[in-house]
Amino acid sequence: GKPNHADILLINLQYVSEVEIINDRTETPPPLASLNVSKLASKARTEKEEKLSQAYAISAGVSLEGQQLFQTIHKTIKDCKWQEKNIVVMEEVVITPPYQVENCKGKEGSALSHVRKIVEKHFRDVESQKILQRSQAQQPQKEAALSS
């Protein structure tokens with residue numbers, strides 16, 4: 001939607017097995033916009049760090065709930081890392097397994113309060129998602145019972 005901005009996808013051609021031409025163009029395409037290589041490198045580095053963090057959590061035996069909580073916190077607060085099985089946020093708050101609100105430890109203050117609110121909201125959202133999934137799973141059963 002922005003002028004002089006375009007989505008550019010880089011594809012590793014080693015993974016391409018077939019190419020199908022949908023329609024052939026005769027006109028010359030517009031010149032490509034210049035790429036901000038440092039911005040792309042920074043984004044790639046950030047993505048790599050996030051993937052390594054996920055891999056670390058899996059290899060350390062962190063529960064799925066802990067991994068999901070980490071991702072939720074990381075969306076809001078980038079200064080978030082693993083220390084063994086503990087989540088460390090802003091070097092001030094430590095969340096230990098089983099990663100509930102009462103497992104948030106740190107110096108009382110705005111950082112601890114903010115992290116606790118994020119954890120509370122995460123578990124409220126997870127619970128409401130479970131309720132929604134259960135009701136959707138029961139819907140076909142109710143319809144089948146009504147039709148028989």
Next item on the list: Quick one: do V93 and K107 satisfy side chain to side chain contact (heavy atoms under 4.5 Å, CB included)? Show the steps, please.
Entry: CA-CA 7 Å; V93 180; K107 187 177 137 200; over 6 Å; no

Next item on the list: Of all the heavy-atom pairs spanning N103 and P98, show the shortest one and how long it is.
Entry: OD1-CD, 3.5 Å

Checklist line | L35: partners by side chain to side chain contact (heavy atoms under 4.5 Å, CB included), with sequence neighbours left out | finding: I8, L40

Check: Are R134 and E127 ion-paired here, with the side-chain N under 4.0 Å from a carboxylate O?
Finding: yes

Notebook entry, point to check: Among the clusters formed by ILVMFWY side chains lying less than 4.5 Å apart, do L10 and Y15 turn up in the same one?
Noted result: no

Notebook entry, point to check: When rounded to the nearest 0.5 angstrom, what distance separates CD in Q129 from CZ in R124?
Noted result: 14.5 Å

Next item on the list: Give the C-alpha distance, both sets of side-chain angles, the deciding distance and a yes or no for side chain to side chain contact (heavy atoms under 4.5 Å, CB included) between I131 and S128.
Entry: CA-CA 5 Å; I131 291 169; S128 63; 5.5 Å; no

Note to self: Hydrophobic clustering (ILVMFWY, side-chain heavy atoms < 4.5 Å, transitive) - are V126 and V115 grouped together?
What the structure shows: no

Notebook entry, point to check: With a 4.5 Å heavy-atom cut-off, do Q71 and Q54 have their side chains touching?
Noted result: yes

Margin query: Applying side-chain hydrogen bond (donor to acceptor under 3.5 Å, both in side chains), can you list everything that pairs with D24, at least two apart in sequence or on another chain?
Written below: none

Next item on the list: Taking all non-hydrogen atoms of both residues into account, name the closest pair between L112 and K105 and its distance.
Entry: CD1-C, 4.0 Å

Checklist line | Q14: partners by side-chain hydrogen bond (donor to acceptor under 3.5 Å, both in side chains), with sequence neighbours left out | finding: none

Next item on the list: Could you grab the distance from atom CE of M90 to atom CG of D79, nearest 0.5 Å is fine?
Entry: 7.5 Å

Notebook entry, point to check: Does T72 use its side chain to pair, donor to acceptor, with the backbone of Q68 at less than 3.5 Å?
Noted result: yes

Notebook entry, point to check: Nearest heavy-atom pair of L132 and S135: which atoms, and what distance?
Noted result: O-OG, 2.8 Å

Next item on the list: To the nearest 0.5 angstrom, please state how far the NZ atom of K51 sits from the OG1 atom of T46.
Entry: 12.5 Å

Checklist line | Inter-residue atom distance L69.CG - I87.CD1, 0.5 Å rounding | finding: 4.5 Å

Check: At their closest point, which heavy atom of Q100 faces which heavy atom of V119, and how far apart are they?
Finding: C-CG1, 4.0 Å

Item checked: ILVMFWY network linking F123 to I73, side-chain heavy atoms under 4.5 angstrom -> yes

Check: Taking the side chain from S53 and the backbone from E49, do they hold a donor-acceptor pair closer than 3.5 Å?
Finding: no

Next item on the list: Verify the neighbour count for atom NZ of K78: are there more than 12 heavy atoms of other residues, nucleotides or ligands below 6.0 Å?
Entry: yes

Margin query: What verdict does the side chain to side chain contact (heavy atoms under 4.5 Å, CB included) test give for V62 and Y99, after you've listed the backbone C-alpha separation in whole Å, the side-chain angles of each residue and the deciding distance to 0.1 Å?
Written below: CA-CA 10 Å; V62 174; Y99 310 107; 3.5 Å; yes

Check: How about S42 and R45: do any of their side-chain heavy atoms sit closer than 4.5 Å?
Finding: yes

Check: Take atom CD in Q83; do more than 12 heavy atoms of anything else shown fall under 6.0 Å from it?
Finding: no

Item checked: Connected-component partners of I21 among ILVMFWY, side-chain separation under 4.5 Å -> none

Margin query: Which heavy atom of H114 sits nearest to which heavy atom of T76, and what is that distance?
Written below: NE2-CG2, 4.0 Å

Next item on the list: Mind running side chain to side chain contact (heavy atoms under 4.5 Å, CB included) on C80 and V88 for me, showing each step along the way?
Entry: CA-CA 6 Å; C80 182; V88 179; over 6 Å; no

Notebook entry, point to check: Can you name the residues that form a salt bridge (Lys or Arg N to Asp or Glu O under 4.0 Å) with K85, not counting sequence neighbours?
Noted result: none

Checklist line | Residue pairs, two or more places apart or on separate chains, that pass ring pair (Phe, Tyr, Trp, His ring centres under 6.0 Å) and touch residues 60-81 | finding: F70-H74, F70-W82

Notebook entry, point to check: In the single-linkage hydrophobic clustering (I, L, V, M, F, W, Y; side-chain heavy atoms under 4.5 Å), do I118 and V94 co-cluster?
Noted result: no

Check: Closest approach of R116 and C104, non-hydrogen atoms and distance?
Finding: NH2-O, 3.4 Å

